[in-house]
Amino acid sequence: QVQLVESGGELVPAGGSLRLSCAASLVNFAYYSVHWFRQAPGKEREGVSCISSGGIEYYEDSVKGRFTVSRDNAKNIMYLQMNNLQPEDTGIYYCATDWVGDTARVRCDYDGMDFWGKGTLVIVSS
């Protein structure tokens, strides 16, 4: 059974940093694009960042320059390094994967995910 397990969420003060991890029990992990979403209290889930199977990174405007997405295909893990966190970054962060079938894709988006984690809670205090 495929599992995505997030970790690293916690309470941090504004301006602080966190690194979220997502361990994936996937065969051929490198053939997936990997994604981070978040859901703030009272809001819909939104895409935050993704990294294509070819290693190209994408970020939503609100996190550009502060967040960095990465992946380690040898370990089946994806990461989201979050710096200069602000109260509006508070929410449940989810990882997700999308099968693309090769390791050379340059695009990723936030539609049609195959697998989801259960989320990790990030709280940024002001």
Side-chain angles (χ1 to χ4, degrees):
Q1 183 177 358
V2 173
Q3 281 190 313
L4 302 181
V5 180
E6 302 94 338
S7 61
E10 62 181 74
L11 171 65
V12 294
S17 297
L18 284 175
R19 188 176 80 156
L20 305 184
S21 301
C22 174
S25 63
L26 285 169
V27 176
N28 293 325
F29 177 74
Y31 284 37
Y32 290 81
S33 59
V34 298
H35 309 252
W36 288 96
F37 294 77
R38 68 184 177 191
Q39 186 166 19
K43 295 187 177 181
E44 293 188 355
R45 187 163 56 189
E46 62 175 355
V48 173
S49 178
C50 62
I51 183 167
S52 71
S53 66
I56 308 302
E57 303 165 25
Y58 294 88
Y59 302 93
E60 291 304 292
D61 288 345
S62 62
V63 306
K64 279 181 182 177
R66 300 189 297 124
F67 289 13
T68 303
V69 64
S70 61
R71 63 189 296 165
D72 185 335
N73 290 338
K75 296 181 179 179
N76 279 26
I77 297 179
M78 65 185 91
Y79 301 99
L80 186 67
Q81 176 67 43
M82 307 187 294
N83 298 327
N84 191 22
L85 283 161
Q86 300 300 313
E88 53 266 34
D89 296 315
T90 293
I92 301 173
Y93 282 71
Y94 301 88
C95 60
T97 58
D98 182 19
W99 170 262
V100 297
D102 63 60
T103 60
R105 298 292 179 96
V106 297
R107 297 288 301 173
C108 55
D109 58 33
Y110 303 108
D111 297 323
M113 299 298 104
D114 296 312
F115 302 107
W116 291 86
K118 294 183 178 180
T120 185
L121 178 61
V122 173
I123 301 175
V124 185
S125 62
S126 57

Check whether any side-chain N or O of Q81 sits under 3.5 Å from a backbone N or O of Y79 as a donor-acceptor pair, and report yes or no.
no

Say whether, by atom type as modelled, one donor and one acceptor occur between the side chain of N76 and the main chain of A24 under 3.5 angstrom.
yes

Within one Ile-Leu-Val-Met-Phe-Trp-Tyr cluster: V34 and V2, side-chain cutoff 4.5 Å
yes

V122 with I92, same ILVMFWY side-chain cluster at under 4.5 Å
no

Looking at F29, does the NZ or CZ of R71 lie under 6.0 angstrom from its six-membered ring centre and within 45 degrees of the ring axis?
yes

When rounded to the nearest 0.5 angstrom, what is the spacing between OH in Y31 and OG1 in T103?
5.5 Å

CE-SG distance between M78 and C95, expressed to the nearest 0.5 angstrom
4.5 Å

State whether the side chain of T120 and the backbone N or O of G9 hold a donor-acceptor pair below 3.5 Å, judged by distance alone.
yes

Taking the six-membered ring for Trp, are Y94 and W116 parallel (under 30°), tilted (30 to 60°) or perpendicular (over 60°)?
perpendicular

On a heavy-atom basis, which atom in S125 and which in P13 lie closest, and how many Å separate them?
OG-CA, 3.4 Å

Hey, what do you get for CG (D89) to OG (S62), rounding to the nearest 0.5 Å?
7.0 Å

Is the closest side-chain donor-acceptor distance between Y59 and E57 under 3.5 Å?
yes

Is there a path from F115 to V100 through hydrophobic residues (I, L, V, M, F, W, Y) whose side chains come within less than 4.5 Å of each other?
no

Inter-residue atom distance N84.CG - R66.CZ, 0.5 Å rounding
6.0 Å

T97-D114 side chain donor-acceptor pair, cut-off 3.5 Å
no

Main-chain N/O of G101 paired with R105 side-chain donor or acceptor, under 3.5 Å
no

If you group Ile, Leu, Val, Met, Phe, Trp and Tyr by side-chain heavy-atom gaps below 4.5 Å, do V63 and V69 land in one group?
yes

Does F37 reach the side chain of V48, with side-chain heavy atoms less than 4.5 Å apart?
no

Looking only at atom types and distance, does a side-chain atom of S53 sit under 3.5 Å from a main-chain N or O of D102, one as donor and one as acceptor?
yes

Do the side chains of W99 and N28 get nearer than 4.5 Å, heavy atoms only?
yes

Report yes or no: does H35 contribute a side-chain atom to a donor-acceptor pair with the main-chain N or O of D109 at less than 3.5 Å?
yes

Distance-only, no hydrogens or angles: does the D72 side chain make a donor-acceptor pair with backbone N or O of K75 under 3.5 Å?
yes

Would you compute the distance between atom SG of C108 and atom CD1 of I56 and round it to the nearest 0.5 angstrom?
9.0 Å

Mind listing the closest non-hydrogen atom pair of A14 and P87 along with its distance?
CB-CD, 4.1 Å

Hey, which of E60, E88, E46, E44 is the one that makes salt bridge (Lys or Arg N to Asp or Glu O under 4.0 Å) with R38?
E46

Mark yes or no for whether S49, through its side chain, and Y58, through its backbone, hold a donor-acceptor pair below 3.5 Å.
yes

Are I77 and L4 grouped together when hydrophobic residues (ILVMFWY) are joined by side-chain heavy atoms under 4.5 angstrom apart?
no

In this structure, CD of Q39 is separated from OG1 of T90 (nearest 0.5 Å) by 13.5 Å

Should S33 and C50 be marked as a side chain to side chain contact (heavy atoms under 4.5 Å, CB included) after you check the CA-CA gap, both sets of side-chain angles, and the distance that decides it?
CA-CA 7 Å; S33 59; C50 62; 5.9 Å; no

Any donor-acceptor pair under 3.5 Å from S25 side chain to Q3 backbone
yes

In terms of ring plane angle, is the pair Y93 and F67 parallel, tilted or perpendicular, where the classes change at 30° and 60°?
tilted

Between W36 and L20, is there a donor-acceptor pair closer than 3.5 Å when you use the side chain of the first and the backbone of the second?
no

Among L11, V12, L18, find the one that has a side chain to side chain contact (heavy atoms under 4.5 Å, CB included) with V124.
V12

